[in-house]
Protein chains: 2
Amino acid sequence: MPDPSARSMRGKVSRLIGIIIPDLTNPFFSELVQSAEQAAARHGYNIIVMTSFDHAAKEADRIGQLTSRKVDGIILVPSNDFHTLKLPKGLPIVIVDRLLPGYSGIAADHRSGVRLGVEHLVKLGHRRIGFISGPKDSVPANDRLKGYLDAMELACDGEQNAAPLIAEAAFDYESGRSAGNYLLARARHERPTAIFASSDQQAIGCMRAAHDLGIPIPAALSIVGFDGIPLASMTTPRLTTVKQPIQEIAAAAVAVLLSKQDAPGLGKPLLLGCEISEGETTSSPQPD
Amino acid sequence: MPDPSARSMRGKVSRLIGIIIPDLTNPFFSELVQSAEQAAARHGYNIIVMTSFDHAAKEADRIGQLTSRKVDGIILVPSNDFHTLKLPKGLPIVIVDRLLPGYSGIAADHRSGVRLGVEHLVKLGHRRIGFISGPKDSVPANDRLKGYLDAMELACDGEQNAAPLIAEAAFDYESGRSAGNYLLARARHERPTAIFASSDQQAIGCMRAAHDLGIPIPAALSIVGFDGIPLASMTTPRLTTVKQPIQEIAAAAVAVLLSKQDAPGLGKPLLLGCEISEGETTSSPQPD
DNA sequence: TTGTAGGCGTTATCAT
DNA sequence: ATGATAACGCCTACAA
């Protein structure tokens, strides 16, 4: 069998793809890596994983390593702690999930996905719908917020009481919990009858907050999450959530790299649709 | 900067380590991979990840790929669906977590870890302690079972009522849930006052079963899990669990590979200690 | 001490 | 068509 090192020295192909993610412990990213590995394997490619821990300096270092390794392309989920990302030209990089303004990339359509979830709640009869948003400086977080506002504006059409109720938070469990506490700490007739959380982990934290306040789910509060991680189906009750098309994202990223095109549509991101995964945390609102 | 392909052709070192795991979606394995990546990075090594999906044929294929890639070593979590594992000699492989009888390897000390957890329950006053075991053909599952039996025998010393209550199950959430239902479906004075589950996912499934049966945790039932995955601290109430030393396992595996020794202690596995992570699912038993 | 040649395994190209 | 050869970049070993 041929020696890949020799081939890659002679020709210009290493059949190696690098993937840089902020944190492999995050189930969203581990599923992304796994899907990328499968997609790459289908083309005879292997994957080198690296973690940036959301640290821009580490990220730059990893890009350098992969470059000198002569990988054929890099799948990059940029660190949050972003600054100017200097891309080594000549090496195709596809940015995934956390799109950077001005760059092209591939991601779920967060905005329409959230809208889907909120509209699900609206259809059930909810009007006072709270929203736990992500960090202000995160592009996907802002897209999700827009989806919420889109849906609320539509629901508002002709009705007064669909004012937005927003709590800003990080994406993790603890932040979701305190955001939930904040949204729910008011009299019953002012309190939201449903909450949409920008991540499943937030949603689960919010479930905890509701539980601690003695608010039964879904009887007195409906909750919808976002992401569709395996964890969502392990809660009690099972979380209703908006599932991101992780496999499709990974497959598209690999396809772009192997087609040697720098980007899908030249600076225009490719957005893939989400779908609702119904759990047990949503029902019609009880009359006050 | 040097070209790794050239170096690896000239010398015999690729500074690449392969890691083969059954499923990256399993939080235990994703943490293992992340830890391995960090440990390897400290030595200037990079990691190629591959997934076997617990399929022996795929596993063999991945080993072949890594061999021809000239990786300097392989970290292998063997697929469950094991058969004879033919190791390409000359290429150091370290078996991790799921030790194979006859091979050396590195893993948590499951037996003493479980004993630790069960003894925690005994100290709280529990005697009717149920155990959700893993699949019969899994080596770690059997080690965990032994740890339970060890602890129960000790607790039994001079007391009659510490008869083992065992339910066999797979390691996942659903199996833990049905095992929990099985153990709890009896009159209160016969029902266990505490359950030790062989995995956190089982434990969380079991919490769900208890919840569905109207059994409050920890008031009427204490639960302890095993693994220490992040998920354990996101349940309501937070799961008490026995944490595996994942980072240490990964670091040791990398160290073994880089030291070019085939194994720690020649056929004798290296076992690393676990520790208890206290949550909110344990308390002293209520009098019947 | 400093410098240079050879060979690792491929594959592309060129010559027979 | 088939086979020989050079070049990819680095490292080691040997020579000046």
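Residue numbering restarts at 1 for every chain, and letters A, B, ... go by the order of the sequence lines.
- Taking atom CE of M1(B) as the reference point, atom P of dC11(D) lies 13 Å away to the nearest angstrom.
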Contact list (N/O, under 3.5 angstrom) for nucleotides 12-14 of chain D vs protein:
unit_1  : atom_1 : unit_2 : atom_2 : d
dT12(D) : O4'    : R10(B) : NH2    : 3.0

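- Listed pair R7(B) / dC11(D) meets the phosphate criterion, a side-chain N or O lying under 4.0 Å from OP1 or OP2.
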Fill in: Residues V96(B), L32(B); criterion side chain to side chain contact (heavy atoms under 4.5 Å, CB included); working and verdict
CA-CA 10 Å; V96(B) 152; L32(B) 184 73; 3.9 Å; yes

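- Between the side chain of D143(A) and the main chain of H110(A), no donor-acceptor pair closer than 3.5 Å is present.
- Taken from CD in E31(A) to CD1 in I246(A), the straight-line distance is 4.0 Å, to the nearest 0.5 Å.
- No donor-acceptor distance shorter than 3.5 angstrom exists from the side chain of E248(A) to the backbone of L272(A), with no hydrogens or angles considered.
- For the pair K12(A) NZ and dT11(C) P, the computed distance is 14 Å after rounding to whole Å.
- Between the S52(B) side chain and the D54(B) main chain, a donor and an acceptor come within less than 3.5 Å of each other.
- The distance between atom CZ of R69(A) and atom P of dC10(D), rounded to the nearest whole Å, is 14 Å.
- Using a distance-only test at 3.5 Å, with no hydrogens or angles considered, no donor-acceptor pair links the side chain of D227(B) to the main chain of I229(B).
- Distance K70(B) NZ to dC10(D) C1': 15 Å, rounded to the nearest Å.
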